[in-house]
Every structure is written in structure tokens, then in C-alpha cells.
Amino acid sequence: FLVHCRALIFPLLIREGKPTPFFTFVLALLFCIYNGYLQGRSLINYAKYPSGWLEDPRFITGFIGWLTGMAINIHSDHILRNLRKPGETGYKIPRGGMFEYVSGANFFGEILEWFGFALACCTIESLAFALCTLFILGSRAKQHHQ
């Protein structure tokens with residue numbers, strides 16, 4: 001779901017703004033599909049969980065982190081999509097939700113999502129993607145904040 005939401009649904013919901021080059025769109029889509037495949041393959045073929053894993057504090061905490069991050073991400077994206085009225089241009093500072101606490105609330109939500117996922121899954125692949133997300137989105141958040 002997350003892969004499809006970020007790669008396919010969110011771009012279709014954006015009303016106006018800078019157009020995304022087609023090549024960039026294709027690369028992002030391919031990355032999301034490949035990452036989804038790798039995460040799924042890791043969980044299906046290699047991850048081994050003891051009985052009762054769904055009751056383990058690591059899974060529960062990770063699931064809550066993932067769910068909270070997803071909610072923050074979706075709400076923040078909604079705020080960003082509705083910043084400008086139709087035909088309006090220029091930069092606007094987002095207000096509301098987690099934007100009251102961090103300037104890159106959408107990035108924060110996505111980072112929290114993937115670290116929650118990594119904790120719930122406890123695989124090296126999920127941790128690797130969470131760290132990549134932190135470094136990539138963290139640098140974008142810093143750039144947006146400036």
C-alpha cells in the first residue's frame with residue numbers, strides 16, 4: 001500500500017506545482033516497485049518469527065510507530081496539497097498537524113513509518129531501507145527547512 005500511495009496515488013492528487021520530469025517519475029516508480037519486492041521477498045523467504053511474534057513488544061511498538069508515521073505522512077501530505085488556492089503561486093509555510101512541531105512533517109512521518117516497519121519486522125533489509133529513508137529524507141527536510 002505504501003509503495004502505491006507514494007508512487008502512484010499522491011502524484012495524482014497534487015493539483016498544481018512544478019511538473020515532475022517523466023524520467024524522474026519512472027525512476028522513482030521503479031525504485032518503489034523494486035524496494036517493495038525486496039521487502040516482501042525478505043519477509044516471505046527469509047524472516048523467521050517465533051510463535052507469538054505478533055504479541056512481542058518489538059512488533060507492537062513497531063506497528064504503532066508504523067501506523068502513527070503513516071497517519072502523520074498522509075495528514076501532512078493533505079496539508080501540503082491544500083496550501084495554495086487554485087491559480088495561486090509562491091511559497092507558503094504549512095501550518096497544522098505535525099507542521100507545528102517540525103518543518104518537514106511529511107518527511108518525519110515517512111521516516112517514522114519505515115523505522116516502525118523495521119522494528120516490527122526485525123530484518124536487515126527493513127532496517128537498511130529505514131536508514132536510507134532517514135538519510136535521504138533527512139537531507140531533503142533540512143533543505144526544505146532552510
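By convention here, the first residue in the shown sequence is residue 1. It should be emphasised that the depicted structure is a prediction, and the values quoted were computed from it without experimental measurement.
Counting only distance, with no hydrogens or angles, the side chain of Asn82 and the backbone of His78 share a donor-acceptor pair below 3.5 Å. In this structure a side-chain-to-backbone donor-acceptor pair under 3.5 Å is present from Trp53 to Ala120. Between the side chain of Thr61 and the main chain of Arg58, no donor-acceptor pair closer than 3.5 Å is present.
The aromatic rings of Trp114 and Phe117 stand perpendicular to each other, their planes meeting at an angle above 60°, with 30° marking the opposite boundary.
Tyr34 and Val26 fall into different hydrophobic clusters, where Ile, Leu, Val, Met, Phe, Trp and Tyr are joined by side-chain heavy atoms under 4.5 Å apart, directly or via other members. If you chain together hydrophobic residues whose side chains sit under 4.5 Å apart, Ile44 and Tyr46 never meet in one group. If you chain together hydrophobic residues whose side chains sit under 4.5 Å apart, Met70 and Leu134 never meet in one group. Hydrophobic cluster membership is shared by Ile111 and Phe135, with clusters built from Ile, Leu, Val, Met, Phe, Trp and Tyr side chains linked at under 4.5 angstrom. Criterion: ILVMFWY side-chain heavy atoms under 4.5 Å apart, direct or through other members. Under it, Phe129 and Leu131 are not part of a common hydrophobic cluster.
Looking at heavy atoms from C-beta onward, Phe108 lies out of side-chain contact with Ser76 at the 4.5 angstrom threshold. By the 4.5 Å heavy-atom criterion applied to side chains, Phe115 and Leu119 are not counted as neighbours. In this structure the side chain of Phe63 never reaches within 4.5 angstrom of the side chain of Leu54, judged on heavy atoms.
Residues Arg95 and Ile79 come closest through the heavy atom pair O-CG2, 3.6 Å. Closest approach of Ile72 and Met98 over heavy atoms only: CG2-CG, 3.7 Å.
Each of Ile74, Asn73, Leu137 was checked for a side-chain contact (heavy atoms from CB on, under 4.5 Å) with Asn106, and the lone residue meeting it is Asn73.
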